[in-house]
Amino acid sequence: MKKKVSLILCILTCALLVAGCNISLTKQNKNFNEKKLEKQTDKYLQKWFTTDHKGQVEQLESAIEYYDGMKDSLSEDEWNSYLEQRKTAKEQIKEYKEAVKQKKKFGDEMDKKISTDFTVSSTSATVNETIRTTKGKTFIYSVSYDKDGNKTEEKIDEYKTMGAKMAKAGINTILSMAIVFCVLIFISLIIACFKVIGWAQNRKNAKQVDKAKAQLASVETAPQPVEENLVDDLELVAVITAAIAASENASADGLVVRSIIRR
């Protein structure tokens, strides 16, 4: 019984701690009132529709071109200050040009707001409004806020139905599988090439071995030169010279053997 009571008390304590954390979080997010955030977002959206972004781009580009030509008439400090402003103006031109493209794609007049979603954390909040224009196009207008309720980001994304999302996911899956199969086929071809290279190398080695064997066989079958026995020839010359000297009853000193013909 005591264990059950202790367990119940622990559960109640944890519940109170969680509730206290939620209360503390709510106090930290007092700037994230949904109605206030939605109203503020509607103002930004209305401003986006009514702003002449194309005209703003032309004005900023003209101003930059004008002040770029005044470099010689400005001091170094004034020129450095202008370069900082020029950098900011370039970023604004980029944002305005993107807005011009988005208006051309979705339309420049609002028809109605379809829905509003909120994403709130302890340090930031994001409001997503689904908007339909008079052109019949639908997009999502998102504005993010910091913990003080100040706008930090504004962006527009194309609205996609669940069917479109599933279709895109299916296409991505098919492409991924196709890439995997292509890589596997490529690896298989490389392995097959290794076999062909090994066969060609073995064939080349076999030819070299056959050539070496043929050269060795030709060396072994070549006729060996016969060495003449010079000692026997000298003895034969001496005998012949002595025989001729005896038959002629003359000295052997004056006799010269020119050649010996064997039969």
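Values reported hereafter were calculated over all heavy atoms of this structure, with side chains retained and with hydrogens, waters and symmetry mates removed.
In this structure, Tyr141 and Ile156 approach most closely via the heavy-atom pair CD1-CG1, 3.8 Å. When all heavy atoms of Asp111 and Thr134 are compared, the pair lying nearest together is CB-N, 3.8 Å. Minimum interatomic distance between Gly149 and Phe32 (heavy atoms only, all atoms of both residues): N-CE2, 4.4 Å.
Residues Glu109 and Phe49 form no side-chain contact, since every pair of their non-hydrogen atoms from C-beta on lies 4.5 Å or further apart. Within the 4.5 Å cutoff, side-chain heavy atoms of Thr138 are placed close to those of Ile114.
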Working note: Ile131 + Leu45, criterion side-chain contact (heavy atoms from CB on, under 4.5 Å); need CA distance, chi angles, decisive distance, verdict. CA-CA 10 Å; Ile131 306 299; Leu45 178 62; 3.5 Å; yes

Using the rule given for side-chain contact (heavy atoms from CB on, under 4.5 Å), can you reason through Glu129 versus Ile140, listing the C-alpha separation, both sets of side-chain angles and the distance that settles it, and then say yes or no? CA-CA 6 Å; Glu129 294 186 344; Ile140 298 176; over 6 Å; no

Using the rule given for side-chain contact (heavy atoms from CB on, under 4.5 Å), can you reason through Thr126 versus Val143, listing the C-alpha separation, both sets of side-chain angles and the distance that settles it, and then say yes or no? CA-CA 6 Å; Thr126 302; Val143 179; over 6 Å; no

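If you chain together ILVMFWY residues whose side-chain heavy atoms come under 4.5 Å of each other, Ile93 ends up grouped with Val57, Leu60, Ile64, Tyr66, Tyr67, Met70, Leu74, Trp79, Tyr82, Leu83, Tyr96. Under the 4.5 angstrom side-chain criterion for Ile, Leu, Val, Met, Phe, Trp and Tyr, Val100 has no cluster partners at all. Ile171 belongs to a hydrophobic cluster with Leu175, counting contacts under 4.5 Å between side-chain heavy atoms of Ile, Leu, Val, Met, Phe, Trp and Tyr, direct or through other members.
Within the structure, ring-ring contact (aromatic ring centres under 6.0 Å, His included) pairs that include any residue of residues 161-189 do not occur (at least two apart or interchain). Residues in residues 101-120 take part in these ring-ring contact (aromatic ring centres under 6.0 Å, His included) pairs, two or more places apart or across chains: Phe106-Phe139. Within the structure, side-chain hydrogen bond (donor to acceptor under 3.5 Å, both in side chains) pairs that include any residue of residues 46-56 comprise His53-Lys103 (at least two apart or interchain). Within the structure, ring-ring contact (aromatic ring centres under 6.0 Å, His included) contacts touching residues 144-174 (residues at least two apart or in different chains) do not occur. Note on residues 61-79: pairs passing salt bridge (Lys or Arg N to Asp or Glu O under 4.0 Å), not counting sequence neighbours, are Glu61-Lys97, Asp68-Arg86.
Judged as a side-chain contact (heavy atoms from CB on, under 4.5 Å), and not counting sequence neighbours, the contacts of Lys105 are Glu158. For Thr173, there are no side chain to side chain donor-acceptor pair (under 3.5 Å) partners at least two apart in sequence or on another chain. Qualifying side-chain contact (heavy atoms from CB on, under 4.5 Å) partners for Lys36, counting only residues two or more places apart in sequence or in other chains: Asn33. With sequence neighbours left out, the side chain to side chain donor-acceptor pair (under 3.5 Å) criterion links Asn128 to Ser142.
Between Thr130 and Ser115, the side chains place a donor N or O and an acceptor N or O closer than 3.5 Å (distance only, hydrogens not considered).
A distance of 5.5 Å separates CD of Glu91 from OG1 of Thr88, quoted to the nearest 0.5 Å. For the atom pair OG1 of Thr133 and NZ of Lys112, the computed distance is 12.0 Å after rounding to the nearest 0.5 Å. In this structure, CD in Glu153 is found 10.5 Å from OG in Ser124, a value given to the nearest 0.5 Å.
Ion pair Lys113/Glu38 flagged as a salt bridge, since at least one NZ, NE, NH1 or NH2 atom sits closer than 4.0 Å to an Asp/Glu carboxylate oxygen. By the 4.0 Å N-to-carboxylate-O rule, Asp108 lies too far from Lys135 to be salt-bridged with it.
A distance-only check finds a donor-acceptor pair linking the side chain of Asp146 to the backbone of Asp148 [under 3.5 Å]. Ser144 places no side-chain N or O within donor-acceptor distance of the main-chain N or O of Thr152, the cut-off being under 3.5 Å.
Open room surrounds NZ on Lys104; 12 or fewer heavy atoms of other groups in view lie less than 6.0 Å from it.
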